[in-house]
Each structure stands twice: as structure tokens, then as C-alpha cells.
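Encoded as C-alpha cells, the structure appears first; notes follow it.
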Amino acid sequence: MVVVKEVVTVTDALRDSYDVVVVGGGAAGLNGALMLARARRSVVVIDAGAPRNAPADGVHGLLAREGMPPAELLERGRAEVRAYGGQVVTGAVAAAARDAAGLTVTLADGRTVRARRLLVTTGLVDELPDVPGLRERWGREVVHCPYCHGWEIRDQAIGVLAAGPPAVHQALMFRQWSDDVTFFTHTMAPPAGEEAEQLAARGVRVVDGEVAGLEIDGDRLVGVRLSDGTVVAREALAVAPRFTARAGFLAGLGLRPAVHPSGAGEHLPADAAGRTEVPGVWAAGNVTDPTAQVGTAAAAGATAAAQINADLIAEETRRAVAAYRDPFSPESEARVGELVAGDRRHGL
């Protein structure tokens with residue numbers, strides 16, 4: 001006898017509405033969607049497919065996933081979300097708006113979807129200084145985070161390119177991984193006062209002058225070239241980019257990025273639970289916390305998801321109480337509709 005197993009396929013065709021629309025399919029968005037799907041919420045992740053850490057060889061500092069390629073981590077995350085009935089849809093969100101019925105999300109291709117709540121996990125764009133060669137080596141020998149890349153460039157000749165207020169702090173951080181660190185002032189004034197003393201005390205050499213480019217030999221960084229032609233031998237270069245939040249699509253909701261307190265760029269303000277100033281909209285991950293690593297971003301996504309689910313439960317409870325008090329009210333009719341729909345509204 002031949003036994004034929006039923007094959008259950010998951011469709012990622014965008015439906016008309018969901019309890020929660022998650023914009024952004026990185027660690028924060030996928031972990032938030034996983035929590036919501038396990039809470040039996042209908043949830044869709046809309047992912048533009050441009051992860052910030054794509055140039056990196058591996059994810060670091062994430063327990064039990066150390067060194068895993070970023071693409072593999074996301075692939076596993078998408079599979080886990082789908083396993084609980086959540087959806088992951090490819091697309092770029094162009095706008096979000098609110099009306100009397102709730103939130104509407106519009107994609108760049110014209111598709112629209114309604115949401116009771118919105119979780120924004122779109123991350124950041126790293127704006128690098130205008131130095132030839134930086135972008136091409138980004139995530140390889142040109143790095144920014146010592147906890148992400150410090151081990152991989154340990155004991156090498158490291159340069160730090162001054163590109164903003166955090167530059168001296170960045171140089172002192174990378175000094176933990178190498179005793180050969182050079183600080184390039186580039187277009188900034190040389191460090192003075194306490195900062196100059198700190199660099200000198202830690203043995204960090206300061207090189208004044210604008211950086212004109214990188215020296216590459218055999219597809220490897222071998223030096224930093226100044227505008228006067230001087231080449232300083234370096235094997236890695238740390239740069240603090242300016243962070244730009246991917247949040248322009250929220251302007252229709254009156255929600256705009258603000259300057260981050262560190263002075264390193266902008267972010268989408270949110271409280272510790274991920275709640276923004278706009279009711280019904282949460283944010284998690286690098287879009288609100290530029291310093292968050294993968295594990296921190298994933299945890300923030302889970303925290304925001306739990307808060308969103310609690311907020312929905314509170315709303316549903318208020319409606320249930322109103323219907324209980326008045327069996328013939330619109331709330332009562334809506335509750336009957338929910339009971340008829342059953343688990344289908346949760347995507348299961």
C-alpha cells in the first residue's frame with residue numbers, strides 16, 4: 001500500500017489585512033513576527049531584501065549562532081515564522097497612513113494591506129565618508145563595530161578614520177584588540193585636551209591630514225593614502241558611519257526620525273518597549289537603537305511583539321466587555337464575527 005502524505009504549503013500572497021504588519025525582515029522583525037505568530041496573531045513581514053549586514057562574512061556575538069552567515073540566519077528565521085502560520089512577503093513599503101478603520105500600508109508596487117498594529121524594524125543605512133574605496137571594502141577590512149569585527153582583525157595594524165564625534169572613543173575601543181592603532185584626523189581638527197591625552201596614554205598614533213583613498217594589493221587593504229601622497233601601512237580601517245533611519249515611509253503618520261543623542265546620526269524614537277509616539281506603531285532594532293547588535297535587535301523585536309500582543313488583548317477585552325454589557329451592540333456583532341472566523345484570522 002502506498003501512503004501519500006499531505007503536503008501543506010505556505011502561501012506568501014499578501015492578504016487584505018492582518019493583526020500586525022512588520023516592516024523589515026531582519027533579526028528584529030523576524031523575531032517579533034515569530035513571537036506574534038506563536039501568540040496566534042495574523043502577522044506578515046514585508047521585507048525589501050536589503051539587509052544591512054549583507055557584506056559581513058558572519059554574525060558574531062550571538063550565542064549558538066556564532067559565525068553563521070547573515071543570509072543563513074535570515075533564511076532560518078523566515079522558515080520559523082512560516083512554520084507558525086506567519087507570512088514573509090518580498091516588497092518595499094512606500095507609505096503608511098491611518099483612517100477611522102486603522103492603519104494602511106502601501107507598497108512601492110501599489111499593493112496595500114491593512115493592519116491593526118505596525119512594527120517597524122527597517123534598520124539603518126550606513127552613510128560613509130566620501131573616500132574612494134571605503135564602500136567597496138565595507139564589511140571586509142573596513143569596519144565600524146569592534147564587537148562585530150574586533151576579533152577578526154585582532155593584532156593587525158588598524159587605522160581609525162575620524163568621521164564624527166565618536167571617533168576618539170572608537171579608537172580607544174579598537175585599542176583593546178590591537179596595540180597598533182593609528183588615528184587619522186581626516187577632515188576633523190586634531191584631538192585636543194583630554195582626548196589627546198587619552199590617545200597618547202594608550203599609545204594611539206595621531207596622523208593629521210585628509211585621507212584621499214585606500215591602498216589595495218591582491219584584493220587586500222595594505223595602507224591608507226593621504227592627500228599629500230603619504231601612505232600609512234594599515235591592514236584594517238575602522239570608520240564610524242553616519243546612521244540614517246529607514247523610516248521615510250512613516251511621514252504620513254506624522255512620525256519622523258530624530259537626531260540620536262550620540263550625535264552619530266538619526267533614529268526613530270521609541271520607549272524601552274518599542275512604543276513610538278504614534279498610537280499603534282512600535283519600533284525595534286537598529287531603526288531605533290543604532291548600537292544594537294543582532295542579538296539585541298532580536299530581543300527588542302520579541303519585547304515589542306509581546307507589548308503589541310498585550311495591547312491587542314486589552315483592546316479585544318474592552319470590546320468583549322462592551323458586548324457583554326450590551327448583547328446587541330456593534331461590538332457584540334463584531335465578536336460573533338470573530339467566533340465564526342475562528343483560527344482562520346490567525347493565519348493557521
Side-chain angles (χ1 to χ4, degrees), residues 52-53 55-56 60-61 123-131 133-135 137-154 156-211 214 221 224 226 232 234-247 257-270 283 285-297 300:
R52 181 183 175 215
N53 62 354
H60 299 292
L124 302 168
V125 174
D126 295 310
E127 294 184 1
L128 297 176
D130 187 18
V131 174
L134 281 188
R135 176 60 63 181
R137 314 307 295 185
W138 185 240
R140 300 172 66 183
E141 303 99 341
V142 178
V143 301
H144 80 286
C145 171
Y147 295 109
C148 301
H149 306 284
W151 177 263
E152 282 66 39
I153 61 173
R154 66 194 185 280
Q156 294 183 18
I158 300 173
V160 176
L161 181 66
V168 170
H169 173 70
Q170 189 179 36
L172 295 172
M173 290 287 289
F174 274 98
R175 178 61 179 81
Q176 172 67 23
W177 281 265
S178 173
D179 59 6
D180 185 359
V181 177
T182 297
F183 183 88
F184 294 93
T185 64
H186 189 40
T187 57
M188 296 183 65
E194 185 179 0
E195 288 188 332
E197 185 179 40
Q198 289 173 340
L199 293 175
R202 293 291 284 157
V204 176
R205 175 191 176 197
V206 176
V207 173
D208 196 16
E210 185 173 353
V211 172
L214 307 182
L221 174 68
V224 173
L226 303 180
V232 180
R234 295 290 92 182
E235 299 169 280
L237 182 65
V239 181
R242 183 182 185 278
F243 302 126
T244 302
R246 291 171 169 167
V259 175
H260 191 265
S262 69
E266 61 184 27
H267 71 138
L268 193 64
N286 286 136
V287 72
T288 186
D289 180 5
T291 65
Q293 292 185 272
V294 173
T296 311

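Taking every heavy atom of both residues into account, His60 and Cys148 meet most closely at CD2-O, 3.1 Å. Here the shortest heavy-atom pairing between Phe174 and Ile153 reads CE2-CD1, 3.7 Å. Residues Gly139 and His149 approach most closely at O-CE1, 4.4 Å, considering heavy atoms. Here the closest non-hydrogen pair linking Asn286 and Arg52 is OD1-NH1, 3.2 Å. Residues Pro241 and Asp126 come closest through the heavy atom pair CG-OD1, 3.6 Å. Between Leu268 and Ala247 the shortest heavy-atom distance is CD1-CB, 4.3 Å.
A heavy-atom distance below 4.5 Å is not found between the side chains of Gln156 and Trp177. Residues Val211 and Leu226 are in side-chain contact: their nearest non-hydrogen atoms beyond the backbone lie under 4.5 Å apart. In this structure, Phe243 and His260 have side chains that are not in contact, with every pair of non-hydrogen atoms separated by 4.5 Å or more. Between Phe183 and Val207 there is no side-chain heavy-atom pair separated by less than 4.5 Å. In this structure, Pro146 and Gln176 have side chains that are not in contact, with every pair of non-hydrogen atoms separated by 4.5 Å or more. Using a 4.5 Å heavy-atom cutoff, the side chains of Thr288 and His267 are in contact. Using a 4.5 Å cut-off on side-chain heavy atoms (C-beta onward), Leu161 and Leu134 make contact. A heavy-atom distance below 4.5 Å is not found between the side chains of Val181 and Arg202.
At distances below 3.5 Å, at least one donor-acceptor pair connects side-chain atoms of Glu141 with backbone N or O atoms of Leu221. The main-chain N or O of His144 is found under 3.5 Å from a side-chain atom of Gln170 such that the two form a donor-acceptor pair. Checked by atom type and distance alone, the side chain of Ser178 never pairs as donor or acceptor with a backbone atom of Arg154 at under 3.5 Å.
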Practice task
Tell me, with the steps shown, if Arg205 and Val232 meet side chain to side chain contact (heavy atoms under 4.5 Å, CB included).
Solution key: CA-CA 11 Å; Arg205 175 191 176 197; Val232 180; 3.9 Å; yes

Practice task
Could you check Glu194 against Gln198 for side chain to side chain contact (heavy atoms under 4.5 Å, CB included), going step by step and ending with a plain yes or no?
Solution key: CA-CA 6 Å; Glu194 185 179 0; Gln198 289 173 340; 3.4 Å; yes

Handout entry: Criterion side chain to side chain contact (heavy atoms under 4.5 Å, CB included) on Asp180 and Arg234, from CA distance to verdict
Key = CA-CA 9 Å; Asp180 185 359; Arg234 295 290 92 182; 3.0 Å; yes

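The side chain to side chain contact (heavy atoms under 4.5 Å, CB included) test applied to Glu210 returns His186, Thr187, Ser227, not counting sequence neighbours. With sequence neighbours left out, the side-chain hydrogen bond (donor to acceptor under 3.5 Å, both in side chains) criterion links Thr244 to Glu127, Arg242.
Separation of atoms CD1 (Ile158) and CD (Glu235) is listed at 9.0 Å; rounding is to 0.5 Å.
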